[in-house]
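Chain identifiers are assigned alphabetically (A, B, ...) following the order of the sequence lines, protein sequences preceding nucleic acid strands; residue numbering begins at 1 within each chain.
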Protein chains: 2
Amino acid sequence: MSKDNNTSNITVNTNTSASMVSPDSVTFALAQSHFLVGDITANVEKMRALALQAREQGADVIIFPELALLGYPPQDLLLRPSLSGRIKSALSTLSDIDDIVMIVGYPHVDHHGTFNSAAILHNGHQKGFYHKQYLPNYGVFDERRYFDKGRNQVLFDYKGITIGLLICEDLWEKNLIAELKQQGADLIISLNASPFELKKQDARKTMLAKRSRDHKLPIIYVNAVGGQDDLVFDGGSMAIQADGSVAHEASRFMNQLMLASLNVNTFKFNAQVKAPLSLSRESEMYQALVVGLRDYVNHSGFTGVIIGLSGGIDSALTLCIAVDALGADKVYAVMMPYEYTSKISLEDAQAQARRLNVSYTVCPIFDAVEGIRHTLAPLFNKSPADTTEENIQARARGVILMALSNKFGHLVITTGNKSEMAVGYSTLYGDMAGGFDVLKDVYKSQVYDLANYRNRLEDTPVIPERVITRPPSAELRPDQTDQDSLPNYEVLDAILTLYVDEDLGYKAIVDKGFDADVVARIITMVDNSEYKRRQAPIGTKISKKAFGRERRYPLVNKWSIKG
Amino acid sequence: MSKDNNTSNITVNTNTSASMVSPDSVTFALAQSHFLVGDITANVEKMRALALQAREQGADVIIFPELALLGYPPQDLLLRPSLSGRIKSALSTLSDIDDIVMIVGYPHVDHHGTFNSAAILHNGHQKGFYHKQYLPNYGVFDERRYFDKGRNQVLFDYKGITIGLLICEDLWEKNLIAELKQQGADLIISLNASPFELKKQDARKTMLAKRSRDHKLPIIYVNAVGGQDDLVFDGGSMAIQADGSVAHEASRFMNQLMLASLNVNTFKFNAQVKAPLSLSRESEMYQALVVGLRDYVNHSGFTGVIIGLSGGIDSALTLCIAVDALGADKVYAVMMPYEYTSKISLEDAQAQARRLNVSYTVCPIFDAVEGIRHTLAPLFNKSPADTTEENIQARARGVILMALSNKFGHLVITTGNKSEMAVGYSTLYGDMAGGFDVLKDVYKSQVYDLANYRNRLEDTPVIPERVITRPPSAELRPDQTDQDSLPNYEVLDAILTLYVDEDLGYKAIVDKGFDADVVARIITMVDNSEYKRRQAPIGTKISKKAFGRERRYPLVNKWSIKG
């Protein structure tokens, strides 16, 4: 297995008084921090500040996440010809930081290709670099679009310990850590940009425990944090003992410079620091949605968000998330009633806004809808009403919100949940009009869970109980409820999870006991509404398979659901 | 170089009376035909019909394009668990076709992985298969998301000739044909699904000429044809002599079953058939746009298209393309004048519709706009007019067109050109509202070229001359012209081509002699309007780098243009 000719052994000579005496421990700083896509200048400055701070706190080595210098995922910025020069220049500005080893994730461009790499910087010298060997090209990942595959193991010696470097996917595969162990590694350092999905931190812990136990190696796992478009990096960086136990675990969803000291005789992390409590499913989902929205709004330069409240649960929950993400003073709620808006909806929308202390405006859309219908009347020639008229209401609201956005500079956020996005229960350019769909990857049944979760956090529920208990309705015609055209959400979501998240087909889903006609109808609705999703705003991924870059379906698609 | 252990040698015994006598030639049928994504049942039936027709015409071997059984590109349909069973079952239904060798592109799934493959079928037996070795994962291609890399050369003997198989990218790389030659190939057969872009057929010919001359091998190149979402496959299948000359060339953009006979003694294609004249740049562009729209509309099941005419050149050209794609009886033109619509525009829109004989309706949007403004008035509180009011006009038109689409079932097609899409000179949910943007990948200067080209095709120009000569304007405020906010289109398009299609950066573009401030402004506009393009309708790719799946940029993107 061992391929010595494929291994680089690097020695980092410390050349400082500290190295004269043999130390008992080496202290690592895990720089779990948000590095912005494209912003090389700001990222390198952040690295500098963190390195100085870590050194001040006694760290010997600081580790940044995967590709931190450019942010993750940089997408086609990796194809820009000026990339290589910018990266070299940025790395060189770090050369004046002495007395701390910096392990920096960056894209490496040379005549061999472009690599997803980690540089080892020390006292003005680049001691070596490691190129990622396993390049994920599934799900949200397109790494083989940009990167060439590294082919060498890299080990470096520092203060008597031999450290093997890996980047993200490298550690999920079992063979590289095995080779590093065989080549003498005492410790593994892994740089990551691992996006959040439900229960992902549990999966990471399980994998890390197995790898460390299998090879009796401690592991330092540094993850990115923060939102980038539809992805949220959830942190949770860890130091894992060689017995698989978690020695240190950083907070989730937050910047943190975490220190972990390794005893160079026992190769154990010195202090078994109590890890933060595991987050509940609802808590991690909610935090991901907050961070995803917060970072999108702030980094896009919007001064606030505007949201259409309907009185229903989706917009109620979205409002909570927006307030938790941005603060009440940056959230503008608009209720746009029309003929079919119930008194309850008006009351509840107002109650939601009041409880959260956000700006609230009622803007009836009668004039807009009437104007549009007037314009259309000669062309419609008294044809009977159908969903066209419902869509006109939704689109009138879309036009109003967009006009307010254009006039006052706030981002329109939308409230369509994953169940609706899946079956196309939404109006393009209507309720889908906006820049960010907060609940895009949240099934309706999870919307209820999250609403209840958020209400439990405070003595006075922020979402009026009636919003949660009343039957959901789009209120686009008299006495409409969602269940007029859809099965109940428990059944719908179960089928959608199997079809969308698990990729099961018609037969496999029917075999699980669901009504064949219902399954056929739901699957057909999903397939037929791909064109709507193609033009949908982005939203934070929280599931195993989110709509958007993770699920790439053709628009013209003649796949027979039952074939 | 030769790796014999990686090569399969297959002998196809013909077992027919025809094989008793040594033939002078073997006749190949190049099945350049449109195979629909996902529609395995229809595709296999089409293969059957073509095989029988080819046999009737004396062909010994019929060759279908890359992945023809499933259509190309199938995207995430390749991840569906029922794929493997469906494919096996489809291939087995071809087993009753005797006396012709079928070479079928299909996705091969087994315990080694999923491969992009070619099966050799003969008299009810699958004689062998070849797995594509070079998997493109750049531009519009995501093949490494789905496929494993083949590792074996495949040669098969038929009637005394040894045939080497390759699939698309395999032939653009130079080493595989070299290995096949060394292993005894007399002829190369290449299956392709090569999407159109400008001058692509020239590039193919240059490559094929080089490969055949370098190795003194004749090549049969079979390409797909037809539109799939944003891609158009342009056919142009070829039989290339060993000296690099084109022996046969199929039509571009059309189904064609083309026969080519190879002399088994000389290994020359018997008849040097005159190839169709090379298409002009405008002609191939125009045909690609026609086919892209036609196939999207027809395969999405729409009965027709509806288009908003402005009196300007973009909608005029789009109207021509729609009529050429679908026929005048399936095209519905609507002129939606408002306060700033000039008399010239009204006259010219009507003239365009009349000359092309399409349904034409004038639908003034005063009521719709006034209704919307009325609704907004209390919220706007007499703030001064700005682009908000322009967007309201555009969105009122979007709502009207979508309502007509919902009511009558026609697809709304949009008319935004690549220059506008690049700089964001368009209104989301306004003029961008629709299912297909015909000119999405056509720069404004190319719009003029195409308009003039189309006018030259008939004695009476279909686009009134004045539409081409007057200065372009969005007519959203008094006396507005596009050049109020943009440099002239020659300069704009030159900068955009360098930045978007060629990926050059600020410095490199300025170095070519463009004004630095203009370059900075244009590049910033491109970067800042990524969010609009993310929600834009699809449109046919004709350029080297089209917006959409080919250019993947982050929305939150802090890349400094000048860094």
Item to check | B:L36 to A:K558 - nearest heavy-atom pair and separation | outcome: CD1-CG, 4.0 Å
Checklist entry - Under the side-chain contact (heavy atoms from CB on, under 4.5 Å) criterion, do B:W559 and A:L70 qualify, and how do the steps go? => result CA-CA 9 Å; B:W559 184 262; A:L70 184 58; 3.9 Å; yes
Checklist entry - Of the backbone (N, CA, C, O) and the side chain (C-beta and beyond), which part of A:L555 lies under 4.5 Å from a heavy atom of chain B, both, or neither? => result both
Checklist entry - Highest number of heavy-atom pairs under 4.5 Å with chain B: which of A:G139, A:G301, A:G227, A:G435? => result A:G139
Checklist entry - For chain A, which of B:R395, B:R80, B:M336 has the most heavy-atom pairs under 4.5 Å? => result B:R80
Checklist entry - Which atom pair, heavy atoms only, marks the closest approach of B:H374 to A:D367? => result ND1-OD2, 3.1 Å
Checklist entry - Who wins among A:T388, A:N528, A:L404 for the most heavy-atom pairs under 4.5 Å with chain B? => result A:T388
Checklist entry - What part of A:L83 gets closer than 4.5 Å to chain B, counting heavy atoms only: side chain, backbone, both or neither? => result both
Checklist entry - How far does CG of A:L379 sit from OH of B:Y332, to the nearest 0.5 angstrom? => result 13.0 Å
Checklist entry - Which bit of A:Y296 comes within less than 4.5 Å of chain B, counting heavy atoms only: side chain, backbone, both or neither? => result both
Checklist entry - For the candidates B:Q75, B:R145, B:R144, which exhibits the highest count of non-hydrogen atom pairs separated by less than 4.5 Å from chain A? => result B:R145
Next on the checklist: Side chains of B:D295 and A:V556, heavy atoms from C-beta outward: is any pair under 4.5 Å?
Outcome noted: no
Checklist entry - Where does A:Q228 contact chain B at under 4.5 Å (heavy atoms): side chain, backbone, both or neither? => result side chain
Checklist entry - Which pair of non-hydrogen atoms, one from B:R552 and one from A:R552, has the smallest distance, and what is that distance? => result NH1-NH1, 3.9 Å
Next on the checklist: Heavy-atom cut-off 4.5 Å, strictly under: side chain, backbone, both or neither for A:Y506 against chain B?
Outcome noted: neither
Next on the checklist: I'd like to know which of A:I40, A:T41, A:N557, A:L428 tops the heavy-atom pair count under 4.5 Å against chain B.
Outcome noted: A:N557
Next on the checklist: Tell me which of these, B:D39, B:T387, B:D142, B:T375, has more heavy-atom pairs under 4.5 Å with chain A than the rest.
Outcome noted: B:T375
Checklist entry - Can B:Y429 and A:M432 be said to form a side-chain contact (heavy atoms from CB on, under 4.5 Å), step by step? => result CA-CA 10 Å; B:Y429 326 129; A:M432 288 176 70; over 6 Å; no
Checklist outcome for this item: Applying a strict 4.5 Å limit to non-hydrogen atoms, the region of A:E550 in contact with chain B is backbone
Checklist entry - Roughly how far, to the nearest 0.5 Å, is CG of B:L411 from OH of A:Y531? => result 9.5 Å
Checklist entry - Is there a donor-acceptor pair closer than 3.5 Å between any side-chain N or O of A:K407 and the backbone N or O of B:E389? => result no
Checklist entry - So which part of A:R373 gets closer than 4.5 Å to some heavy atom of chain B, the side chain, the backbone, both or neither? => result neither
Checklist entry - In terms of heavy-atom proximity below 4.5 Å to chain B, should A:A403 be classed as side chain, backbone, both, or neither? => result both
Checklist entry - Non-hydrogen atoms of chain B under 4.5 Å away: do they reach the side chain of A:A385, the backbone, both or neither? => result backbone
Checklist entry - Which region of A:P554, side chain (C-beta onward) or backbone (N, CA, C, O), has a non-hydrogen atom less than 4.5 Å from a non-hydrogen atom of chain B, or is it both or neither? => result both
Item to check | Top of B:I392, B:V37, B:D229, B:N43 for chain A proximity - count of heavy-atom pairs under 4.5 angstrom | outcome: B:D229
Checklist outcome for this item: If one checks every heavy atom of A:F436 against chain B at 4.5 Å, the contacting part turns out to be neither
Checklist entry - Going through the distances and angles, do A:R534 and B:Q535 end up as a side-chain contact (heavy atoms from CB on, under 4.5 Å)? => result CA-CA 7 Å; A:R534 194 62 69 89; B:Q535 296 187 27; over 6 Å; no
Item to check | Top of A:P378, A:G505, A:A508, A:S383 for chain B proximity - count of heavy-atom pairs under 4.5 angstrom | outcome: A:S383
Checklist entry - When only pairs under 4.5 Å are counted, which of B:G434, B:G398, B:S89 shares the most heavy-atom pairs with chain A? => result B:G434
Item to check | Proximity breakdown for B:Y138 and chain A, heavy-atom pairs closer than 4.5 Å | outcome: backbone
Checklist entry - Should the pair A:F408 and B:F380 be assigned to parallel (<30°), tilted (30 to 60°) or perpendicular (>60°) ring geometry? => result perpendicular
Checklist entry - With only heavy atoms counted, which part of A:P537 is less than 4.5 Å from chain B, the side chain, the backbone, both or neither? => result both
Checklist entry - Looking at CG of A:D503 and CG of B:L79, how far apart are the two atoms once the value is rounded to the nearest 0.5 Å? => result 5.5 Å
Item to check | Top contributor to chain A contacts, counting heavy-atom pairs under 4.5 Å, from B:R551, B:M402, B:K532 | outcome: B:M402
